[in-house]
Amino acid sequence: MFPGSVLLPLLLSSLAVSGSLYVSHSVQHASRPLKTGGTASLTQCALWCRLTRGCIKWSRDSVTGLCRLWPLHSDSNPLTAAAEPLHQPLLPEGFVLSDDPSIAYRERYVPMVGGNASILASCRAYDPESVPAFPHTERQFNYLKTHITGYYYWIGIWYRPEEGVFADMTTGRTVDLPAELWWNGWVVASASYRCLTLYSAGPWAVGCGSVREGHTCQYSVPVGAAESPATN
Ligand SMILES: *[C@@H]1O[C@H](CO)[C@@H](O)[C@H](O)[C@H]1NC(C)=O
């Protein structure tokens, strides 16, 4: 399955370390590559990315065999407008797959004011497709309640007092948060306490302008992403 190569043992050990296989996925990416080089196989491009600090995804020109290593986007190297198929690990670095195999989370321990702009920017600094956590099923809530280690970390849900609903601050999608999810079955949210944090007993709404010690980001595993060992 793999080409005979002296790099193979190294590649296999790096696959084992990452605990994940590679996937091909259409994404927006930084405009300028971190490095371009070749001519290499896809396996070698993957390994090169793995060993290159700052590389999060890679691509390979099927005609020239040239690899491109892609960094995270930044102010000086913004995201492309269009999505293109790139290769990447199944999960961005540091994300842990939950008991729902389509969703991974990562907690970020950094004091931060609440609200959509700050949390979204912070999550996207992991991966362009990472967003503030939006648990919207009982299973997802229960997973987070039993696995988060930080107290009162921001999640990506806020209360919209005009309509009396809770919504994903990234997409606007509303979510029903039944009383039994909350501490002592007590739903507390208001116009001044509308940004949600989450801890082991349930969500807790605080002022969006206050500072919490961290927040939780979510990454949705690309639907139908064929797990593809990085072969030629
Ligand atoms: C934050 O939410 C406000 C109000 O819903 C919206 O106008 C703004 O564009 C959002 N900002 C970001 C970065 O999503």
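Both ligands and their constituent atoms are indexed starting at 1 by order of listing.
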Are any protein N/O atoms closer than 3.5 Å to the N/O atoms of ligand 1? If there are, list each pair with names and the distance to one decimal place.
{"residue": "ligand 1", "atom": "2 (O)", "partner": "Asn116", "partner atom": "ND2", "Å": "2.2"}
{"residue": "ligand 1", "atom": "11 (N)", "partner": "Asn116", "partner atom": "ND2", "Å": "2.9"}
{"residue": "ligand 1", "atom": "14 (O)", "partner": "Asn116", "partner atom": "ND2", "Å": "3.4"}

Which atom pairs, donor and acceptor, lie under 3.5 Å between side-chain atoms of residues 193-209 and protein residues at least two apart or in another chain?
{"residue": "Arg194", "atom": "NE", "partner": "Tyr159", "partner atom": "O", "Å": "2.8"}
{"residue": "Arg194", "atom": "NH2", "partner": "Tyr159", "partner atom": "O", "Å": "3.2"}
{"residue": "Thr197", "atom": "OG1", "partner": "Trp204", "partner atom": "O", "Å": "2.8"}

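Using modelled atom types and a 3.5 Å distance limit, the side chains of Trp154 and Thr216 yield no donor-acceptor pair. Looking at Asn77 and Ser74, their side chains never bring a donor and an acceptor atom within 3.5 Å of each other. When only modelled atom types and interatomic distance are considered, Asp100 and Ser98 share no side-chain donor-acceptor pair under 3.5 Å.
Within the structure, salt bridge (Lys or Arg N to Asp or Glu O under 4.0 Å) pairs that include any residue of residues 170-187 do not occur (at least two apart or interchain). For residues 118-133, the side chain to side chain donor-acceptor pair (under 3.5 Å) pairs, not counting sequence neighbours, are His25-Glu129, Lys57-Asp127, Arg106-Tyr126, Arg108-Ser122, Arg108-Tyr126, Ser122-His215.
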